[in-house]
Amino acid sequence: IIGAVSNNSIGTVGIAQVSIVPLNWNDFVGGLDYANNNDISIINASFYFTTTVNGVTVPAGPSTAQYNAINNYKGLLICSAGNDGNNTDGSPQYPACYDLPNVLSVASTDSSDALASSSNYGTTSVDLAAPGVGILSTIPGNTYGNMSGTSMAAPHVTGVAALIKSYCPTLNASQIKHIILSSVDRPSALNGKVLTRGRLNAQRAMEYARDYGEWMTDQMVSGDFNGDGKDDIAAFIDMNNGATQIYMWPSTGGSFSGVE
């Protein structure tokens, strides 16, 4: 999904041309350290941590070590939201639900832009949705098959993040996240389901990245401009008439502009 070779008439076509490095999620903290030390700027995390309670496997709670490792990671961690059909605002799964500026949580949608029946959701814990039903991909046995789940949705977002990074390598994790969240399509079926109310739009994300690339100067600042407790990003552009055009990308996605 992320990086399958294109134009070879074999199997599927990946979203981006990338180098893929496998990381051992059983050593999650060590994997993030390795990524930091080797300039791996985007990680796809299509899994969640579990534990056993009275012989039953359940989602594991938060971990200080995991939180600190993600917080120290310089890149973007893109996570599958999970496939239990739960509202993770109240029943969180990790690492997707760590509330950090470099974490993206991805739900799954079907071909009609509706939330997949099995997909987790949450207006504060899940950022956006992406296609995740009946996705053709590689499967064990050196072959291909259709699969469904948020583990199919997250790699779509990861692939777009890689496209953005390749187009403008100077963008950091927070800026790439803002571009992706600000450029979503908003089908009505996702209202009340995810933070942005939106589904990934690769073309629009690249258009936003182009604008970001033009504005990558000291005129860009970050901070909590709308009072939601999360970092937003703003660009201040000097106009020819002496006014300043202000473009702002809220943490919840979308954008707006004004002149002062």
Side-chain angles (χ1 to χ4, degrees), residues 1-8 12-20 39-46 74-81 101-109 111 113 126-132 135-137 150 152-187 190 194-217 219-222 231-237 245-257:
I1 297 172
I2 299 171
V5 175
S6 60
N7 298 322
N8 63 356
T12 65
V13 175
I15 295 171
Q17 295 182 350
V18 296
S19 296
I20 295 178
D39 295 323
I40 299 171
S41 57
I42 301 167
I43 294 176
N44 184 83
S46 288
K74 293 175 289 188
L76 184 62
L77 182 69
I78 299 172
C79 305
S80 56
N102 61 338
V103 173
L104 265 174
S105 177
V106 185
S108 169
T109 52
S111 59
D113 271 341
V126 181
D127 294 295
L128 78 164
I135 305 300
L136 183 66
S137 185
T150 57
M152 302 293 105
H156 282 88
V157 179
T158 302
V160 172
L163 281 177
I164 294 168
K165 185 70 173 178
S166 66
Y167 180 76
C168 192
T170 56
L171 292 173
N172 62 33
S174 180
Q175 290 163 339
I176 294 172
K177 177 178 178 177
H178 275 82
I179 288 170
I180 291 172
L181 296 187
S182 298
S183 58
V184 295
D185 287 337
R186 290 190 168 86
L190 293 179
V194 297
L195 177 69
T196 60
R197 309 184 306 281
R199 186 255 303 137
L200 178 72
N201 183 319
Q203 178 177 338
R204 188 176 297 150
M206 293 304 295
E207 292 169 352
Y208 278 46
R210 175 196 60 205
D211 295 338
Y212 250 75
E214 293 175 356
W215 297 338
M216 278 297 294
T217 69
Q219 295 167 314
M220 294 193 73
V221 296
S222 62
D231 276 350
D232 312 300
I233 293 179
F236 297 84
I237 310 301
Q245 184 82 23
I246 303 172
Y247 290 84
M248 207 269 271
W249 292 266
S251 61
T252 53
S255 62
F256 63 81
S257 64

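No hydrogens, no waters, no symmetry mates; every other heavy atom, side chains included, goes into these values.
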Can you see which heavy atom on Gly3 is nearest to which on Val18, and at what distance? CA-CG2, 3.8 Å

Can you measure from CG (Leu136) to CD1 (Ile1) and round to the nearest 0.5 angstrom? 9.0 Å

Validation row: Asn201, Val184 side chains within 4.5 angstrom (heavy atoms): no

Report the residue from Ile42, Leu128, Leu77 that forms a side-chain contact (heavy atoms from CB on, under 4.5 Å) with Leu104. Leu128

For a quick test of reading the model, state the closest non-hydrogen atom pair linking Ile15 to Gly159 and the distance between them. CG2-C, 3.6 Å

Counting only N and O atoms by type, is there a donor-acceptor contact under 3.5 Å from the side chain of Thr109 to the main-chain atoms of Ala130? yes

On a heavy-atom basis, the closest approach of Val160 and Ala205 is CG1-CB, 3.9 Å

Determine whether Val106 and His156 make a side-chain contact, defined as any pair of heavy atoms from C-beta on separated by less than 4.5 Å. no

Grab the two heavy atoms, one from Ala209 and one from Ile179, that are nearest each other, plus how far apart they are. CA-CD1, 3.8 Å

Under a 3.5 Å cutoff, is there a donor and acceptor pairing between the side chains of Ser174 and Asn172? no

Can you confirm whether Arg210 sits close enough to Met206 that some side-chain heavy atom of one is under 4.5 Å from a side-chain heavy atom of the other? no

Distance col, row Gln203:CD vs Asp185:CG, nearest 0.5 angstrom, shows 10.0 Å

Measuring from atom OG1 of Thr196 to atom CD1 of Ile180, what distance do you get when rounded to the nearest 0.5 angstrom? 11.0 Å

pair Lys177-Asn102: side-chain heavy atoms closer than 4.5 Å: no

Could you tell me whether the side chain of Ser166 and the main chain of Leu163 form a donor-acceptor pair under 3.5 Å? yes

Treating Arg186 as the side-chain partner and Arg199 as the backbone partner, does any N or O pair qualify as donor plus acceptor under 3.5 Å? no

Is there side-chain contact between Ile2 and Asn44, with at least one heavy-atom pair below 4.5 Å? yes

How many angstroms lie between CD1 in Ile40 and NZ in Lys74, if you round to the nearest 0.5 Å? 11.0 Å

Rounded to the nearest 0.5 Å, how far does NZ of Lys165 lie from CG of Leu171? 6.5 Å

Here the pair of heavy atoms bringing Ala16 nearest to Ala162 is CB-CB, 3.9 Å

With side-chain contact (heavy atoms from CB on, under 4.5 Å) as the criterion, how do Leu181 and Asp127 come out once you've worked through the C-alpha distance, each side chain's angles and the decisive distance to 0.1 Å? CA-CA 7 Å; Leu181 296 187; Asp127 294 295; 3.8 Å; yes

Heavy-atom pair with the smallest gap, counting every atom of Ala154 and Ser46: CB-OG, 4.0 Å

Between atom SG of Cys168 and atom CD1 of Ile176, what is the distance when rounded to the nearest 0.5 Å? 8.5 Å

